[in-house]
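Atoms considered below: every heavy atom in the structure, side chains included; atoms not considered: hydrogens, waters and symmetry mates.
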Amino acid sequence: MNVSSVRVPGVNQPMCPSRLVLEHVTSRWGVLVLAALLERSYRFSELRRTVGGVSEKMLAQTLQTLERDGFVHRDAKPVIPPRVDYSLTPLGAEAAEQVWGLARWAERRLEAVESARETYDGTRSQAAPDPVGRA
């Protein structure tokens, strides 16, 4: 058997476990939480204010998922009132750098994307209707 005939599981394979990791770090809230934590550690309420628009429930779920995957460290201090800080692990910092680069690229190229959308929508609205009923 030669090396080229060996199929190594990869993200394009339906059952590849890395798909779930990719889903976690590239979700809307995953990207934004990782990016925020690149700056510094945050308490929950600070992080919620920094990541605008995220609900308390979604932030809690996102942090728990990222913690489980080894990207976020949760530091609960035994004080009154309780204090919990969130920060990136070394693995989390590595992932955050990657997704932050993509997020920054999206910001820089937004105008080109919007232009492409307008062109596409204009072309679609002028096209003849599909006889089968598809858009």
Cluster overlap W100 with L22, hydrophobic side-chain contacts below 4.5 Å: no
Tell me whether L88 is reachable from L102 by hopping between hydrophobic residues (I, L, V, M, F, W, Y) whose side-chain heavy atoms are closer than 4.5 Å.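 No: no chain of side-chain contacts under 4.5 Å links L102 to L88.
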How about CD on Q64, more than 12 heavy atoms from neighbouring residues, nucleotides or ligands closer than 6.0 Å, or not?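 No, the 6.0 Å shell around CD holds no more than 12 heavy atoms from other groups.
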If you count every heavy atom of other residues, nucleotides or ligands that lies below 6.0 Å from R28 atom CZ, does the total exceed 12? no
Working to the nearest 0.5 Å, report the span between [atom1] of [X] and [atom2] of [Y].
X   : Y   : atom1 : atom2 : value
L63 : L37 : CG    : CG    : 7.0 Å
R74 : F44 : CZ    : CZ    : 10.0 Å
S55 : W29 : OG    : CH2   : 7.5 Å
R48 : E56 : CZ    : CD    : 5.5 Å
E46 : S41 : CD    : OG    : 8.0 Å
S87 : L47 : OG    : CG    : 11.0 Å

Where the side chain of [X] meets the backbone of [Y], is there a donor-acceptor pair that is under 3.5 Å apart?
X    : Y    : result
R19  : Q13  : yes
T123 : T119 : yes
T50  : A36  : no

Going by heavy atoms in the side chains, are V25 and L34 under 4.5 Å from each other?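 The answer is yes; the side chains approach within 4.5 Å.
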Student check: side-chain heavy atoms of L38 and E97 closer than 4.5 Å: yes
The test is side-chain contact (heavy atoms from CB on, under 4.5 Å); show your working for V33 and L66 and say whether it passes. CA-CA 9 Å; V33 166; L66 294 173; 3.9 Å; yes
Only one of L20, T26, V21 forms a side chain to side chain contact (heavy atoms under 4.5 Å, CB included) with H24, so which one is it? L20
Listed by chain and number, what are the salt bridge (charged side-chain N to carboxylate O under 4.0 Å, His left out) partners of E107, not counting sequence neighbours? R104
Considering residues at least two apart in sequence or located in another chain, which fulfil the salt bridge (charged side-chain N to carboxylate O under 4.0 Å, His left out) criterion with D75?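 Once residues adjacent in sequence are excluded, the partners of D75 under the salt bridge (charged side-chain N to carboxylate O under 4.0 Å, His left out) criterion are K77.
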Where do [X] and [Y] come nearest, in terms of heavy atoms and distance?
X    : Y   : result
A103 : V31 : CB-CG1, 4.2 Å
V11  : S18 : CG1-OG, 3.1 Å
G70  : T89 : O-OG1, 2.5 Å

Honestly, is R40 close enough over Y42, meaning NZ or CZ under 6.0 Å from the six-membered ring centre and within 45° of the axis?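 Yes - R40 lies over the ring of Y42, closer than 6.0 Å to its centre and within 45° of its axis.
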Residues E114, R109: salt bridge by 4.0 Å N-O rule: no
